[in-house]
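The structure under discussion appears below in the form of structure tokens.
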Amino acid sequence: MLAPDFPLRTERLLLRPVDAETDPDAMAAYQSRADVCRYVPYEPRGRDRIAEVIREQRRTALTEAGQHLWLAVLLGDTGRLIGDVLLFWRSEQHRSGEIGYAFNPDDHGHGYATEAAAALLDLGFDGLGLHRIIGCIDARNEASAQVLRRLGMRQEAHLVQNEWFKGEWSDEIDFAILADEWRALRQR
């Protein structure tokens with residue numbers, strides 16, 4: 001089980017569960033954009049749909065495998081929402097998880113996605129006791145691949161045309177890192 005004390009604080013960011021009352025407008029600023037949604041499972045969506053999904057999926061703890069935490073990412077100094085991240089608990093038996101993220105393009109290039117994803121790795125490994133965390137991305141999404149590489153995750157697979165995704169065959173690249181690898185990187 002994982003029940004973090006929110007908000008989580010990093011050097012520059014605050015992470016807390018998404019909120020259907022306060023977050024949909026800021027999230028719609030990027031989740032309504034086709035360029036942002038090109039590589040994520042959902043289509044562009046507006047404020048009302050985002051609020052509905054938050055009400056359906058919001059949780060503040062993980063109590064069993066198959067669940068995920070969906071967290072808003074805010075700038076620590078202003079409280080402005082700039083993106084959202086997910087930590088999936090994939091398997092209790094294999095102690096595995098997965099991370100995902102989406103950020104407003106207006107805030108790209110500052111290392112925020114890497115910083116927020118690092119907080120998810122800490123949560124998964126130290127908070128949930130996971131052994132392995134993966135990141136699965138569309139092979140065309142080089143910016144996301146850069147984030148995963150900066151985290152120290154290794155590319156383990158390139159799956160060719162493995163998924164019919166948004167009207168076309170898509171390649172998937174899978175990255176992973178083990179708990180002891182992450183801890184060794186953090187000690188440096």
Between [X] and [Y], what is the shortest heavy-atom contact and its length?
X      : Y      : value
Leu151 : Ala117 : CD1-CB, 3.6 Å
Ala61  : Gln67  : O-OE1, 4.1 Å
Ile133 : Gly124 : CD1-CA, 4.0 Å
Leu69  : Thr60  : CD2-C, 3.8 Å
Ala72  : Asp23  : CB-OD2, 3.8 Å
Cys136 : Ile134 : SG-CD1, 3.6 Å

How far does [atom1] of [X] sit from [atom2] of [Y], to the nearest 0.5 angstrom?
X      : Y      : atom1 : atom2 : answer
Phe103 : Ile82  : CZ    : CD1   : 5.5 Å
Arg55  : Asp19  : CZ    : CG    : 10.5 Å
Ser170 : Glu163 : OG    : CD    : 6.0 Å
Leu74  : Leu81  : CG    : CG    : 5.0 Å
Phe125 : Leu120 : CZ    : CG    : 11.0 Å
Arg183 : Asp122 : CZ    : CG    : 9.5 Å

Among Ile54, Asp48, Val53, side chain to side chain contact (heavy atoms under 4.5 Å, CB included) partner for Ile50: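 Among the candidates, only Ile54 passes.
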
Indicate yes or no: at least one non-hydrogen side-chain atom of [X] is less than 4.5 angstrom from one of [Y].
X      : Y      : value
Met153 : Val147 : no
Pro7   : Leu15  : no
Ile177 : Leu121 : yes
Leu128 : Leu123 : no
Cys37  : Glu43  : no
Phe6   : Leu14  : no
Asp84  : Met27  : yes
His94  : Leu130 : no

Test ring pair (Phe, Tyr, Trp, His ring centres under 6.0 Å) applied to Tyr112 - qualifying residues, sequence neighbours left out: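 Only His110 meet the ring pair (Phe, Tyr, Trp, His ring centres under 6.0 Å) criterion with Tyr112.
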
Same apolar cluster: Val36 and Leu86, side chain cutoff 4.5 Å: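 Same cluster: Val36 reaches Leu86 through Ile, Leu, Val, Met, Phe, Trp or Tyr contacts under 4.5 Å.
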
Cluster check Ile99, Leu178: I/L/V/M/F/W/Y, side chain < 4.5 angstrom: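 In one cluster: no.
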
Salt bridge (charged side-chain N to carboxylate O under 4.0 Å, His left out) against [X], all qualifying residues, sequence neighbours excluded:
X      : answer
Asp35  : Arg33
Arg58  : none
Asp107 : Arg80

Evaluation steps, salt bridge (Lys or Arg N to Asp or Glu O under 4.0 Å), between Glu168 and Arg140: CA-CA 13 Å; Glu168 62 184 327; Arg140 298 167 294 185; 3.0 Å; yes

Test: ring pair (Phe, Tyr, Trp, His ring centres under 6.0 Å). Region: [range]. Which pairs qualify, not counting sequence neighbours?
range            : answer
residues 32-55   : none
residues 44-92   : His68-Phe88
residues 131-169 : Trp164-Trp169
residues 10-35   : none

Say whether, by atom type as modelled, one donor and one acceptor occur between the side chain of [X] and the main chain of [Y] under 3.5 angstrom.
X      : Y      : value
Gln187 : Ala184 : no
Glu115 : Thr10  : no
Lys166 : Val40  : yes

Side chain to side chain contact (heavy atoms under 4.5 Å, CB included) against [X], all qualifying residues, sequence neighbours excluded:
X      : value
Glu156 : Arg132, Arg154, Ala176
Ala157 : Leu159, Asp174
Arg47  : Pro24, Asp25, Ala28, Ala51
Ala145 : Ile137, Glu142, Arg149, Phe175

Trace of the side-chain contact (heavy atoms from CB on, under 4.5 Å) decision for Tyr101 with Leu148: CA-CA 11 Å; Tyr101 40 83; Leu148 299 174; 3.4 Å; yes

